[in-house]
Amino acid sequence: MWETCLKYLEQLIDEHELATWFSPLQAEEDEDSLTLFAPNQFVSNKIKSDYLAQIKESINASTEKESIKLRIVNGLPESSFGKSSPKKSTHKSHASTTINIAERESPRAFETKQIISEYTFESFVQGNSNQLSLAACQAAADNPGKSYNPIFIYGNTGLGKTHLLHAFANKVLQRNPAAKIIYQKSADFIRQIVDAIRFQNLNELKNYLESADAWLVDDIQFLQGKDRSQIEFFETFNTLFEGKQQIILTCDQLPKNLGGLEDRLKSRFNWGVTMEIEAPDIELRAAVILDKAQQHNLHLPEEMAFFVAQKMRTNIRELEGALNDIILFHKFYGKPLTIETAKEALHKRFSEQRVLTIRDIQKTVASYYRMSIEDLEGSSRKRNIARPRQMCMTLCKELTHHSLPEIGRGFGNRDHTTVLHAAKKISELRDSDDDIRQEYTNLMVILSDQQQ
């Protein structure tokens with residue numbers, strides 16, 4: 001009866017809750033009663049307070065008898081101590097009445113259920129800001145554990161880090177459907193460690209993780225301050241690395257900047273390749289919009305895509321959300337796909353943004369480079385002044401609604417061609433100069449924050 005009840009409860013209770021609270025229970029039953037044994041008062045109280053109604057419902061659905069007496073007690077059934085029970089018992093063993101990791105969540109189900117099939121390398125829109133990370137993951141998918149291992153990808157939220165993890169998994173599984181891919185967020189790993197310690201099956205969990213062909217862990221910054229989880233993560237990492245099993249990690253910052261993380265872990269993260277995904281430039285943002293529109297079988301005018309890209313600058317998810325608003329507005333009201341329709345569909349999003357001016361950006365850039373606004377407006381061609389001026393013009397081109405002539409006038413009445421030259425120069429330098437690329441990213445983040 002209890003085994004049938006558990007199957008019914010799967011439809012009523014979240015999988016994680018079921019594994020957490022029903023896993024420690026053991027059962028004894030006879031013709032008119034069911035006794036559930038909890039390991040301690042805490043689990044007993046939780047079952048009684050939160051799950052009693054669902055258990056009773058499962059009993060009613062599992063038997064045709066009108067009345068079954070349910071008891072929830074602390075301790076172990078007498079059969080666990082090898083003693084005969086005064087009642088007829090169908091309790092066979094601990095494993096037969098317990099939901100442990102192997103039973104509740106089979107390895108194969110865990111590996112594949114969270115992989116998003118739509119996230120592929122083909123659907124990933126490539127640009128200057130993400131091409132190195134994409135290339136590393138593609139190379140690793142072609143030769144897991146041997147080309148680049150580990151891969152550490154960092155960058156702000158919504159720039160495509162998770163997409164690359166899923167794309168790697170999909171590529172590997174396409175070539176080898178039997179491959180064991182474990183994808184998880186670091187928060188899930190921490191939860192698994194906590195549960196494994198509580199229910200004394202840590203070795204089982206470690207064996208499961210260490211048997212993976214590839215281990216993909218998202219948002220490892222949440223390991224900060226979790227000492228025991230870091231120990232287990234370190235040991236699992238070492239075992240997989242030594243076995244030449246692929247490891248790909250994502251984070252919101254460089255390993256060296258992670259406070260509350262053991263130095264030996266930071267060192268391990270730097271063993272392979274460390275790649276940054278930067279904020280997308282306007283061309284990549286427009287390409288993402290056009291690509292996503294095509295997936296919805298919509299032909300979006302290029303000028304409309306660039307208009308939205310100019311407005312939505314933070315990350316890819318923001319762009320996708322804006323496009324969804326436009327599609328809904330277009331289909332519901334029958335509006336044509338024009339810039340005016342985009343303005344109507346996104347007016348709430350736009351109203352939440354502070355509009356940056358040329359002066360706003362000049363103040364921020366001047367402060368960042370520790371120079372004066374007069375230097376940016378002046379005629380000096382010294383590199384330590386000319387380069388920040390070009391950076392400032394580029395940011396004005398991307399982040400304001402001003403035309404090129406208007407931007408030029410804001411920099412000492414320069415011609416619009418000077419602005420175009422500045423934007424081209426900064427774009428080239430971002431490809432070849434790590435310092436310029438980092439300066440651009442830092443300023444974009446600062447200015448985006450000012451818009452919130």
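All values below come from the heavy atoms of this structure, side chains included, with hydrogens, waters and symmetry mates left out. As the structure is a computational prediction, the values presented were derived from the model and not from experiment.
Between the side chains of Gln54 and Tyr8, no donor N or O sits under 3.5 Å from an acceptor N or O. Judged by distance alone, the side chains of Thr418 and Asp415 never bring a donor and an acceptor atom under 3.5 Å apart. Residues Asp252 and Tyr154 have side chains that never bring a donor and an acceptor to within less than 3.5 angstrom of each other. With 3.5 Å as the limit, one finds no donor-acceptor pair spanning the side chains of Trp215 and Glu210. Looking at Ser123 and His163, their side chains do bring a donor and an acceptor atom within 3.5 Å of each other. Thr239 and Thr236 are not linked by any side-chain donor-acceptor pair at a separation below 3.5 angstrom, with hydrogens and angles left out of the test. A donor atom on one side chain and an acceptor atom on the other are not found under 3.5 Å apart for Gln230 and Gln224. Judged purely by distance below 3.5 Å, without hydrogens or angles, the side chains of Thr338 and Thr341 pair a donor atom with an acceptor atom. Between the side chains of Ser133 and Asn130, not a single donor N or O lies within less than 3.5 Å of an accepting N or O.
Applying the side-chain hydrogen bond (donor to acceptor under 3.5 Å, both in side chains) test between Tyr369 and each of Arg387, Arg389, Glu439 identifies Glu439 as the sole match. Considering Leu298, Leu323, Leu319 as possible partners of Lys292, the one that fulfils the side chain to side chain contact (heavy atoms under 4.5 Å, CB included) test is Leu323.
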Salt bridge (Lys or Arg N to Asp or Glu O under 4.0 Å) assessment of Glu10 paired with Lys7: CA-CA 5 Å; Glu10 290 179 357; Lys7 292 177 181 178; over 6 Å; no
For side-chain contact (heavy atoms from CB on, under 4.5 Å), just list the numbers for Cys392 and Ile361, CA-CA rounded to whole Å, side-chain angles, deciding distance to a tenth of an Å, and then say yes or no. CA-CA 7 Å; Cys392 195; Ile361 296 174; 3.9 Å; yes
Would you check, one step at a time, whether the test side-chain contact (heavy atoms from CB on, under 4.5 Å) holds for Leu25 with Ile47? CA-CA 10 Å; Leu25 299 181; Ile47 294 293; 4.0 Å; yes
Intermediate values then yes/no, side-chain hydrogen bond (donor to acceptor under 3.5 Å, both in side chains), Asp291 and Gln295: CA-CA 6 Å; Asp291 183 74; Gln295 292 176 22; 2.9 Å; yes
When you look at Asp433 and Arg437, which way does the salt bridge (Lys or Arg N to Asp or Glu O under 4.0 Å) test go after all the steps? CA-CA 6 Å; Asp433 190 314; Arg437 183 166 60 249; over 6 Å; no
Criterion salt bridge (Lys or Arg N to Asp or Glu O under 4.0 Å) on Arg359 and Glu377, from CA distance to verdict: CA-CA 11 Å; Arg359 182 61 64 170; Glu377 296 174 332; 3.1 Å; yes
Working note: Gln138 + Lys171, criterion side-chain contact (heavy atoms from CB on, under 4.5 Å); need CA distance, chi angles, decisive distance, verdict. CA-CA 8 Å; Gln138 286 176 320; Lys171 186 66 174 181; over 6 Å; no
Lys266 and Glu262: CA distance, side-chain angles, deciding distance, salt bridge (Lys or Arg N to Asp or Glu O under 4.0 Å) verdict: CA-CA 7 Å; Lys266 295 180 185 179; Glu262 292 184 6; over 6 Å; no
Show, in sequence, the C-alpha distance, side-chain angles and deciding distance for Met304 and Leu337, and conclude whether the side-chain contact (heavy atoms from CB on, under 4.5 Å) test is met. CA-CA 8 Å; Met304 186 179 180; Leu337 292 172; 4.0 Å; yes
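Ser58 places a side-chain N or O within 3.5 Å of a backbone atom of Ile55 that can act as its donor or acceptor partner. Not one N or O on the side chain of Asn270 forms a donor-acceptor pair closer than 3.5 Å with the backbone of Pro255. In this structure a side-chain-to-backbone donor-acceptor pair under 3.5 Å is missing from Ser44 to Ala38. Remark: the backbone N or O of Asn45 is paired with a side-chain donor or acceptor of Ser49 at under 3.5 angstrom. Between the Glu406 side chain and the Ser403 main chain, a donor and an acceptor come within less than 3.5 Å of each other. Side-chain atoms of Gln246 do not come within 3.5 Å of backbone N or O of Leu216 as any donor-acceptor pair. Proximity of a side-chain donor or acceptor of Ser211 to a complementary backbone N or O of Tyr208 within less than 3.5 Å is detected. Remark: side-chain polar atoms of Arg430 are not paired, donor with acceptor, to backbone N or O of Gln438 under 3.5 angstrom. Within the 3.5 Å criterion, the main-chain N or O of Lys180 finds a donor-acceptor partner in the side chain of Asp213. Between the side chain of Asn170 and the backbone N or O of Ile116 there is at least one donor-acceptor pair closer than 3.5 Å.
Under a 4.0 Å N-O distance rule, the pair Lys161/Asp219 does not qualify as a salt bridge. Between Lys185 and Asp218, at least one side-chain N (NZ, or NE/NH1/NH2) sits under 4.0 Å from a carboxylate O, which counts as a salt bridge.
The two residues Val172 and Pro144 have their closest heavy-atom pair at CG2-CG, 4.2 Å. Residues Ala139 and Ser147 approach most closely at O-OG, 3.3 Å, considering heavy atoms. Nearest heavy atoms, Ile153 versus Ile248: CD1-CG2, 4.4 Å. Minimum interatomic distance between Val365 and Pro388 (heavy atoms only, all atoms of both residues): CG1-O, 3.8 Å. Considering every non-hydrogen atom in both Ala309 and Ala286, the closest pair reads CB-N, 3.6 Å. Taking all atoms of both residues into account, the shortest heavy-atom contact from Ala423 to Thr394 is CA-OG1, 3.3 Å.
Using a 4.5 Å cut-off on side-chain heavy atoms (C-beta onward), Tyr440 and Leu395 make contact. Under the 4.5 Å side-chain criterion, counting only non-hydrogen atoms from C-beta, Ile326 is not in contact with Leu328. Annotation: side chain of Leu249 is not in contact with side chain of Ile151 (no heavy-atom distance under 4.5 Å). Side-chain contact between Phe152 and Ile220 is present, with heavy atoms from C-beta onward closer than 4.5 Å. In this structure the side chain of His166 never reaches within 4.5 angstrom of the side chain of Thr120, judged on heavy atoms. Annotation: side chain of Thr364 is not in contact with side chain of Leu356 (no heavy-atom distance under 4.5 Å). Looking only at side-chain heavy atoms (C-beta outward), Phe124 and Leu164 come within less than 4.5 Å of each other. Proximity of Glu303 to Ile339: side-chain heavy atoms (C-beta onward) are separated by under 4.5 Å at one or more points.
A cation-pi arrangement is not found for Arg264 relative to Trp271, the charged atom failing to lie both closer than 6.0 Å to the ring centre and inside a 45° cone about the ring normal. In this structure, Arg268 is not positioned above the aromatic face of Phe241 in the sense of NZ or CZ being under 6.0 Å from the six-membered ring centre and within 45° of the axis.
Atom CZ of residue Phe329 and atom CG of residue Asn324 lie 15.0 Å apart, to the nearest 0.5 angstrom. The distance from the CD atom of Gln126 to the CZ atom of Phe121 is 11.5 Å, given to the nearest 0.5 Å. The distance from atom NZ of Lys397 to atom CE of Met393, rounded to the nearest 0.5 Å, is 13.0 Å.
With a 6.0 Å radius and a threshold of 12 heavy atoms from other residues, nucleotides or ligands, Tyr148 has its OH atom at or below the threshold.
Relative orientation of the Tyr51 and Phe22 rings is perpendicular, given thresholds of 30° and 60° on the angle between their planes. The aromatic rings of Phe233 and Phe189 lie perpendicular to each other, with more than 60° between the two planes, well past the 30° mark.
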